[in-house]
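Side-chain atoms are counted along with the backbone in the values below, which use heavy atoms only and exclude waters and symmetry mates. Counting starts at 1 for both ligands and their atoms, in listed order.
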Amino acid sequence: MASLTTKPIFTPPFITTTSSSSSSSSQPSTRYSRLPFRHSTTSTPISLKRSRSYSSTPSHPSLSIKNATKTIESAETSSVLSVAGGKDTSSQETKPTILVSEKLGEAGLELLRNFGDVDCSYDLSQEDLCKKIASCDALIVRSGTKVTRQVFEAAKGKLKVVGRAGVGIDNVDLQAATEFGCLVVNAPTANTVAAAEHGIALLASMARNVAQADASMKAGQWQRNKYVGVSLVGKTLAVMGFGKVGSEVARRAKGLGMQVIAHDPYAPADRARAIGVELVPFDQAISTADFISLHMPLTPATEKVFNDDTFEKVKKGARIINVARGGVIDEDALVRALDSGKVAQAALDVFTEEPPPKDSKLVQHERVTVTPHLGASTKEAQEGVAIEIAEAVVGALKGELAATAVNAPMVSAEVLSELAPYAVLAEKLGRLAVQLVAGGSGIKSAKVVYKSARDPDDLDTRLLRAMVTKGIIEPISDSFINLVNADFTAKKKGLRISEERVVVDASPGLPIFSIQVQLSNVDSKFGSAVSGGDISIEGGVKHGIPHLTRVGSFSVDVSLGGNLVLCRQVDQPGMIGQVGNILGEQNVNVSFMSVGRTARRRNAIMAIGVDEEPNLESLKKIGEVPSIEEFVFLKL
Ligand SMILES: NC(=O)C1=CN([C@@H]2O[C@H](COP(=O)(O)OP(=O)(O)OC[C@H]3O[C@@H](n4cnc5c(N)ncnc54)[C@H](O)[C@@H]3O)[C@@H](O)[C@H]2O)C=CC1
Ligand SMILES: O=C(O)C(=O)COP(=O)(O)O
């Protein structure tokens, strides 16, 4: 075994990770910050399933989701990755129920109807939504439905996925979704152009007073002098938020002959340069621009980022366009800035409260152009969004990969497929380890050691960590764990999971040589499982089947299917026969047996795989065999 690396691996904030070698295991621990739980435009999927795969289409082989019931899976069946739980007791034939709470394009509805029972119920009150949600597997919303904590609570674990047919997910309580293990997916790309085009439409119509002149003419007026506008060519546009929509607005504005600058703390400068846009600091953007167009998401950091102080800094006579979210502007401050003349005009598609109050000063303001959140409302965008979200929701319900998950760590399809048997191993090791704890609870600290020949950068362990967490927590609580809520649940239960990577000389073709699970500061009901003060078990995957390879300091080799009896005895002839006979008398089939010993005629461990659960009488008889010093029965 050779040490090659000290590189850290990803881990959430409450998880420490080290890399070490067999020769030097005292590398410093490092703490890393959590990866943002947000969508990515690249394909970085995760899978989520709960209860079962629905019958209409085959599920991803490695990703069928099992219920969180404490049923024991055999090694064969547990090659399906259990990443969610719930209380669904429907039969294989039962179709999932998908509630669509806002208008969705027909093509998307068609896809949904081919898969499940679709309930299109628009304009539901919060109370009615909470009533309905208890029988729904999926919910599809646009910006008008508030998916609050109350909704997740009312779902009582049944709701597996919320699909946001659009980009902004500020109307979904992501924290609550995560806590309830509910995946949230969005449709981030299909309405980009529509939103950008609407931004440009508002920019141009505001500059030329189109809406005001139209209203005036319809009221019988002919006011050519009143509606003299301003030109766009040569003016500076500041794009605030240089993401998908912002970039498209920038491209179009350049086509109109405008100078475009942008502010976005996270946008890469080369992407901006490629479009001929300069990225500048916030104050520079707002103080130099003639037009300011907002394209950032609504987050705690962007809420009311345009306020009295900001408007104080804008160039006198600046014009504001907002097709992002109303909440990024303090609307009262904008009214004051308009009244004072600091801001000449505003064009708004989005509002803090939607619809805004009828007497809203902002909406009624003469120099404000408004539209009722129409940015994404083109036929083309709505069809695209509907298909994008229907595919994401159906895929998630089938346990396939969700490329647009917004509240879960992203694990690529390749990683999922390669790690699937190790994920089963990881869960089983977690399950075994927790059953070795005397009393079974009070576990505060677990360490997962991955031995691999691979460079740490090539090994994404988030899935494995989630599965170890699942294995440890589910047998001792009523929680169900999936990729969405594993880290959250561990943290809530005060379980600190650390990870260590040891690089070993093994086949580089295999992602992992072995996984070791260690539990510290707990007593064991099977003293031989303790090594270096910790309960420690280790396993690997052989021919796709998880195997237990070490218990404490004893080497064993037993496939992790069915259940397991571990005995420690003095190494002597006849032991296997004696225990085998006791089990045979009770018609308990022994599937596998392995003996590991420290030295000849000294202590030995016998690991016996059994298909059935031995009854109490057989267990008692095993305990009475004179040379057996301790034994434990473990359910997998
Ligand atoms: N009015 C409508 O119907 C529509 C509105 N939208 C809204 O437009 C916004 C942008 O959408 P996309 O471009 O698709 O999202 P995106 O995620 O591609 O882009 C958002 C950009 O904002 C940046 N950003 C984050 N915090 C920022 C800050 N404090 N200051 C400046 N930039 C910041 C991000 O780095 C990112 O580049 C979202 O709020 C979305 O909800 C999107 C589509 C339709
Ligand atoms: O995609 C977005 O962020 C939007 O704001 C579009 O909202 P909508 O789906 O039209 O209610």
Side-chain angles (χ1 to χ4, degrees), residues 36 38-42 100-105 108 122-123 140-147 163-172 185-202 238-251 261-269 271-272 275 277 279-286 292-306 310 321-329 347-352 354-355 370-386 388-389 404 406:
R38 57 192 296 271
H39 76 261
S40 153
T41 48
T42 56
V100 179
S101 69
E102 290 177 74
K103 185 139 179 45
L104 197 67
Y122 306 148
D123 301 321
I140 295 185
V141 302
R142 287 176 59 185
S143 60
T145 308
K146 305 281 170 260
V147 193
R164 179 1 182 159
V167 184
I169 29 89
D170 44 283
N171 52 324
V172 180
V185 289
N186 71 350
T189 58
N191 67 21
T192 300
V193 166
E197 286 178 351
H198 198 64
I200 294 291
L202 286 178
V239 171
M240 309 300 285
F242 196 67
K244 295 183 294 297
V245 179
S247 314
E248 291 304 322
V249 165
R251 269 185 231 280
I261 54 175
H263 169 72
D264 187 326
Y266 315 107
R271 182 154 58 79
I275 306 179
V277 170
L279 282 176
V280 298
F282 185 89
D283 281 1
Q284 185 181 337
I286 61 166
I292 302 171
S293 193
L294 312 188
H295 301 288
M296 65 267 271
L298 176 61
T299 64
T302 60
E303 190 173 4
K304 293 193 178 169
V305 70
F306 284 83
T310 324
I321 304 107
N322 189 7
V323 288
R325 281 294 177 268
V328 302
I329 294 180
L348 311 171
D349 182 47
V350 283
F351 305 88
T352 304
E354 293 186 356
V370 286
T371 50
H373 202 146
L374 292 180
S377 296
T378 62
K379 278 186 186 169
E380 296 84 353
Q382 281 313 307
E383 282 303 292
V385 160
E388 200 177 359
I389 203 62
T404 59
V406 292

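No side-chain heavy atom of Asn322 sits less than 4.5 Å from a side-chain heavy atom of Asp349. Phe306 has its side chain within reach of Ile286: a pair of non-hydrogen atoms, C-beta onward, lies under 4.5 Å apart. Counting heavy atoms from C-beta outward, His373 and Arg325 have side chains that approach closer than 4.5 Å. Contact check for Arg142 versus Ser377: side-chain heavy atoms found under the 4.5 Å cut-off.
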Quiz item: Would Arg271 and Ser247 satisfy side-chain contact (heavy atoms from CB on, under 4.5 Å), going step by step from the backbone distance to the final call?
Solution: CA-CA 9 Å; Arg271 182 154 58 79; Ser247 314; 3.0 Å; yes
Which protein N or O atoms sit under 3.5 Å from any N or O of ligand 2? Give atom names and distances.
{"unit_1": "ligand 2", "atom_1": "1 (O)", "unit_2": "Val167", "atom_2": "N", "d": "2.6"}
{"unit_1": "ligand 2", "atom_1": "1 (O)", "unit_2": "Asn191", "atom_2": "ND2", "d": "2.9"}
{"unit_1": "ligand 2", "atom_1": "3 (O)", "unit_2": "Arg164", "atom_2": "NH2", "d": "3.4"}
{"unit_1": "ligand 2", "atom_1": "3 (O)", "unit_2": "Gly168", "atom_2": "N", "d": "2.8"}
{"unit_1": "ligand 2", "atom_1": "3 (O)", "unit_2": "Arg325", "atom_2": "NH2", "d": "2.8"}
{"unit_1": "ligand 2", "atom_1": "5 (O)", "unit_2": "Arg325", "atom_2": "NH1", "d": "2.8"}
{"unit_1": "ligand 2", "atom_1": "5 (O)", "unit_2": "Arg325", "atom_2": "NH2", "d": "3.0"}
{"unit_1": "ligand 2", "atom_1": "5 (O)", "unit_2": "His373", "atom_2": "NE2", "d": "2.7"}
{"unit_1": "ligand 2", "atom_1": "7 (O)", "unit_2": "Arg164", "atom_2": "NH2", "d": "3.3"}
{"unit_1": "ligand 2", "atom_1": "7 (O)", "unit_2": "His373", "atom_2": "NE2", "d": "3.3"}
{"unit_1": "ligand 2", "atom_1": "9 (O)", "unit_2": "Arg142", "atom_2": "NE", "d": "2.9"}
{"unit_1": "ligand 2", "atom_1": "9 (O)", "unit_2": "Arg164", "atom_2": "NH1", "d": "2.9"}
{"unit_1": "ligand 2", "atom_1": "10 (O)", "unit_2": "Arg142", "atom_2": "NH2", "d": "2.8"}
{"unit_1": "ligand 2", "atom_1": "11 (O)", "unit_2": "Ser143", "atom_2": "N", "d": "3.0"}
{"unit_1": "ligand 2", "atom_1": "11 (O)", "unit_2": "Ser143", "atom_2": "OG", "d": "2.4"}

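Under 4.0 angstrom from ligand 1, the non-hydrogen atoms of Phe242 all belong to its backbone. The part of Arg325 lying near ligand 1 is the side chain, judged by heavy-atom distances below 4.0 Å. Proximity of His198 to ligand 1, defined as any heavy-atom pair under 4.0 Å, is not found for any part of the residue. Residue-level proximity to ligand 1 for Val245 is carried by backbone and side chain together, each with a heavy atom below 4.0 angstrom.
Using modelled atom types, one side-chain atom of His263 and one backbone atom of Val280 make a donor-acceptor pair closer than 3.5 Å. Between the side chain of Thr404 and the backbone N or O of Pro188 there is no donor-acceptor pair closer than 3.5 Å. Using a distance-only test at 3.5 Å, with no hydrogens or angles considered, a donor-acceptor pair links the side chain of Gln382 to the main chain of Ala376.
Backbone and side-chain nitrogen or oxygen atoms of Leu374 are examined, and none is located within less than 3.5 angstrom of a nitrogen or oxygen of ligand 1. At least one N or O atom of Lys244, backbone or side chain, sits closer than 3.5 Å to an N or O atom of ligand 1. Between Tyr266 and ligand 1, a contact under 3.5 Å exists for no N or O pair.
Across Ser377, Pro265, Ser247, Pro297, heavy-atom proximity to atom 28 (C) of ligand 1 is greatest for Pro265. When the options Asp170, Asp349, Val323 are ranked by their closest heavy atom to atom 6 (N) of ligand 1, first place goes to Val323. Of the listed residues (Gly241, Pro188, Ala324), the one carrying the non-hydrogen atom nearest atom 7 (C) of ligand 1 is Ala324.
In summary, the atoms of ligand 1 found under 4.0 Å from a heavy atom of Gly168, numbered by their order in the structure, are 41 (O). Here is the list of ligand 1 atoms found below 4.0 Å of a heavy atom in Ala195: 43 (C), 44 (C). The Asn191 neighbourhood of ligand 1 comprises atoms 43 (C), with distances under 4.0 Å to a heavy atom of that residue. Every atom of ligand 1 is numbered from 1 in the order shown, and the set under 4.0 Å from a heavy atom of His373 is 1 (N), 2 (C), 3 (O).
Smallest separation of non-hydrogen atoms from Ala269 and Leu279: CA-CD1, 3.7 Å. When all heavy atoms of Phe242 and Ile275 are compared, the closest pair comes out as CZ-CD1, 3.7 Å. Contact record, Ile169 with Arg164: CG2-CG, 3.6 Å, taken as the closest heavy-atom pair.
A side-chain donor-acceptor contact under 3.5 Å links Glu102 and Thr145.
Evaluated for a side-chain contact (heavy atoms from CB on, under 4.5 Å) with His295, the options Val239, Asp264, Ile321 yield exactly one hit, Val239.
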